[in-house]
Amino acid sequence: LLEESVHADLDAEAFLRRVQSDIPLQDHERDSQTLSLTRTLYAQMLDLHRRGMNGLWARLLKNNFAPLTVGQFDYVVGNPPWVNWEHLPDEYRQATKPIWERYGLFPHGGMDTILGKGKKDISMLMIFAVMEGLLKEGGKLGFVITQSLFKTSGAGQGFRRLQIPQNGGKPTPLAVIHVDDMVSLNPFEGASNRTAVMVLEKGKPTKYPVPYTVWRKAEGTHFTYESTLAEVQAATKRLRFSAEPVDPRDPTSPWL
């Protein structure tokens, strides 16, 4: 409605009449406040439009609010950002620190936490936040992630608990269904990251050993972003391994 009305150059009062007709308000005590905020928002967007500024504001707002309204899904697939804790801006660290702590992703404390000991990667935070907010119980998530989550001591320790804490309730377990280790394959052209693909299921505990496929390419082989899946498969071996914690008494220990 915002986007259509702005492009039609409706004035604020005409837009409000349209909103009240198409989206009846339920809470009459808050009607006046809601209308006031809506009028202010529309006036700002109309002003930007009339000054020839970027016309994507309504879509940006829609995208920003989408996670609050889209519900939960059977499958989530993605490639979250890979940024180490110590490379995040200080303000972002402070803003997100309570979320890291809530998910138990800080196995260290004090100065270790401040200094970012263990090379914690923001992809860990994304995995837990997305699984909790967007994935149904029994749903599966497939993410391209850094292989260090499974191998490094300290960094992946909190992640390898493989559970989502619940306030005062029983944690939600996460089952690792499969991992594809693409470190040797090095699929991202010009980058040296340790790439893996992981599939998790929400609501089940992880059972070890976990199926773990290692991708190896033939010597001298070079792939680009234009390479097809068939070309990659023809020039690679996929070695079927299993993975489990190196210390059977500690499920958070690095995988072997």
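Start at 1 with the first residue, then count along the sequence. Model, not experiment: these values are computed from the prediction.
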A.B. asks: State, with a plain yes or no, whether a side-chain heavy atom of V210 is found less than 4.5 Å away from one of E244.
C.D. replies: no
A.B. asks: Relative to the ring of Y208, is the ring of W255 parallel (under 30°), tilted (30 to 60°) or perpendicular (over 60°)?
C.D. replies: perpendicular
A.B. asks: Please check if the number of heavy atoms outside Q166 that lie under 6.0 Å from its CD is greater than 12.
C.D. replies: yes
A.B. asks: Looking only at heavy atoms, what is the nearest atom pair of K151 and P254, with distance?
C.D. replies: O-CB, 3.2 Å
A.B. asks: Given F128, which partner from the list Y103, F143, W100 fulfils the ring pair (Phe, Tyr, Trp, His ring centres under 6.0 Å) test?
C.D. replies: Y103
A.B. asks: If you compare all heavy atoms of P80 against all heavy atoms of I145, which two are closest, and at what distance to 0.1 Å?
C.D. replies: CG-CG2, 4.2 Å
A.B. asks: Please check: side-chain N/O of R216 versus main-chain N/O of L239, any donor-acceptor pairing under 3.5 Å?
C.D. replies: no
A.B. asks: With the side chain counted from C-beta on, respond yes when F15 and L2 share a heavy-atom pair under 4.5 Å apart, and no when they do not.
C.D. replies: yes
A.B. asks: Could you measure the distance from the CG atom of L41 to the OG atom of S36? Nearest 0.5 Å is fine.
C.D. replies: 11.0 Å
A.B. asks: Hey, does the side chain of E231 reach the backbone of T228 with a donor-acceptor pair shorter than 3.5 angstrom?
C.D. replies: yes
A.B. asks: Verify the cluster assignment for L37 and L48: are they in a single hydrophobic cluster under the rule of side-chain heavy atoms below 4.5 Å apart?
C.D. replies: no
A.B. asks: Donor-acceptor pair, T96 side chain versus Y92 backbone, under 3.5 Å?
C.D. replies: yes
A.B. asks: Taking all heavy atoms of T38 and all of T34, pick out the closest pair and write down the distance.
C.D. replies: OG1-O, 2.7 Å
A.B. asks: Going hydrophobic residue to hydrophobic residue with side-chain gaps under 4.5 angstrom, can you get from I177 over to Y75?
C.D. replies: no
A.B. asks: Under a 4.5 Å cut-off applied to non-hydrogen side-chain atoms, are V179 and V197 in contact?
C.D. replies: no
A.B. asks: Let's go through R39 and E13 carefully: what are the C-alpha distance in whole Å and the side-chain angles of both, what is the deciding distance for salt bridge (charged side-chain N to carboxylate O under 4.0 Å, His left out) to 0.1 Å, and is it a yes or a no?
C.D. replies: CA-CA 8 Å; R39 181 186 288 105; E13 295 308 315; 3.0 Å; yes
A.B. asks: Between the side chains of W215 and D181, is a donor N or O closer than 3.5 angstrom to an acceptor N or O?
C.D. replies: no
A.B. asks: If we ignore hydrogens and angles and just use 3.5 Å, is the side chain of S21 paired with the main-chain N or O of R17 as donor and acceptor?
C.D. replies: no
A.B. asks: Heavy-atom distance under 4.5 Å between the side chains of L35 and L16, does that happen here?
C.D. replies: yes
A.B. asks: Is it true that E4 and R18 have a side-chain N and a carboxylate O under 4.0 angstrom from each other?
C.D. replies: yes
A.B. asks: Would you please test L229 and Q233 for side chain to side chain contact (heavy atoms under 4.5 Å, CB included) and show each step?
C.D. replies: CA-CA 6 Å; L229 177 60; Q233 287 175 323; 3.9 Å; yes
A.B. asks: State, yes or no, whether a side-chain contact exists between V70 and F65 at a heavy-atom distance under 4.5 Å.
C.D. replies: no
A.B. asks: Within this structure, what is the CE-CG distance for the pair M131 and L141, rounded to the nearest 0.5 Å?
C.D. replies: 5.0 Å
A.B. asks: What distance separates R59 CZ from N64 CG, expressed to the nearest 0.5 Å?
C.D. replies: 14.5 Å
A.B. asks: If hydrophobic clusters are built by linking Ile, Leu, Val, Met, Phe, Trp and Tyr wherever their side-chain heavy atoms come under 4.5 Å apart, do V130 and L200 end up in the same one?
C.D. replies: yes
A.B. asks: Taking the six-membered ring for Trp and the single ring otherwise, decide whether the centroids of Y212 and F241 are under 6.0 Å apart.
C.D. replies: no
A.B. asks: Between Q72 (side chain only) and E132 (backbone N and O only), is there a donor and an acceptor less than 3.5 Å apart?
C.D. replies: yes
A.B. asks: Are any side-chain N or O atoms of K202 and backbone N or O atoms of L135, one a donor and one an acceptor, separated by less than 3.5 Å?
C.D. replies: yes
A.B. asks: Please report the shortest heavy-atom distance between L105 and G158, naming the atom on each side.
C.D. replies: CD2-C, 3.8 Å
A.B. asks: Hydrophobic cluster membership, with links at side-chain heavy-atom distances under 4.5 Å among I/L/V/M/F/W/Y: are V144 and V83 in one?
C.D. replies: no
A.B. asks: Identify whether F159 and L88 are in the same connected component of the hydrophobic contact network (ILVMFWY, side-chain heavy atoms under 4.5 Å).
C.D. replies: yes
A.B. asks: With the side chain counted from C-beta on, respond yes when D47 and R51 share a heavy-atom pair under 4.5 Å apart, and no when they do not.
C.D. replies: yes
A.B. asks: Identify whether the distance between the nearest side-chain nitrogen and carboxylate oxygen of D9 and R50 falls below 4.0 Å.
C.D. replies: yes
A.B. asks: Tell me if the NZ atom of K204 is crowded by more than 12 foreign heavy atoms within 6.0 Å.
C.D. replies: no
A.B. asks: Quick check for you: to the nearest 0.5 Å, what is the distance between I99 atom CD1 and M126 atom CE?
C.D. replies: 9.5 Å
A.B. asks: Rounded to the nearest 0.5 Å, how far apart are OG1 of T40 and CE of M45?
C.D. replies: 13.0 Å
A.B. asks: Are the side chain of T221 and the backbone N or O of K217 linked by a donor-acceptor pair below 3.5 Å?
C.D. replies: no
A.B. asks: Checking the side chain of T206 only, and the main-chain atoms of L174 only, is there a donor and an acceptor separated by less than 3.5 Å?
C.D. replies: yes
A.B. asks: Go through the steps to decide whether V199 and V176 satisfy the test side chain to side chain contact (heavy atoms under 4.5 Å, CB included), and finish with yes or no.
C.D. replies: CA-CA 6 Å; V199 179; V176 182; over 6 Å; no
A.B. asks: Should the heavy atoms of other residues, nucleotides or ligands under 6.0 Å from CG of L256 be counted, would the total exceed 12?
C.D. replies: no
A.B. asks: Which heavy atom in S242 sits nearest to a heavy atom in P209, and how many Å separate them?
C.D. replies: CB-CB, 3.6 Å
A.B. asks: Of I122, L149, V76, which is the lone residue that meets side-chain contact (heavy atoms from CB on, under 4.5 Å) with I127?
C.D. replies: L149
A.B. asks: Run the side chain to side chain contact (heavy atoms under 4.5 Å, CB included) check on D74 and K140 step by step: do they pass?
C.D. replies: CA-CA 6 Å; D74 298 303; K140 291 179 180 175; over 6 Å; no
A.B. asks: Considering only heavy atoms from C-beta outward, does the side chain of M198 approach that of F150 to under 4.5 Å?
C.D. replies: yes
A.B. asks: For F73, does the CZ atom have more than 12 heavy-atom neighbours from other residues, nucleotides or ligands under 6.0 Å away?
C.D. replies: yes
A.B. asks: Rounded at 0.5 Å granularity, tell me how far CD in Q147 sits from OG in S184.
C.D. replies: 9.0 Å
A.B. asks: Between the main-chain N or O of A14 and the side-chain N or O of D11, is there a donor-acceptor pair closer than 3.5 Å?
C.D. replies: yes
A.B. asks: If you count the non-hydrogen atoms of other residues, nucleotides and ligands that lie under 6.0 Å from OH in Y225, is the total more than 12?
C.D. replies: yes
A.B. asks: For L10 and L46, run side chain to side chain contact (heavy atoms under 4.5 Å, CB included): C-alpha distance rounded to whole Å, both residues' side-chain angles, the deciding distance at 0.1 Å, then the answer.
C.D. replies: CA-CA 8 Å; L10 295 182; L46 185 62; over 6 Å; no
A.B. asks: Please answer whether the main-chain N or O of S253 pairs with a side-chain N or O of R160 as donor and acceptor at a distance below 3.5 Å.
C.D. replies: yes
A.B. asks: Using side-chain heavy atoms (C-beta onward) and a distance below 4.5 Å, is S5 in contact with Y42?
C.D. replies: yes
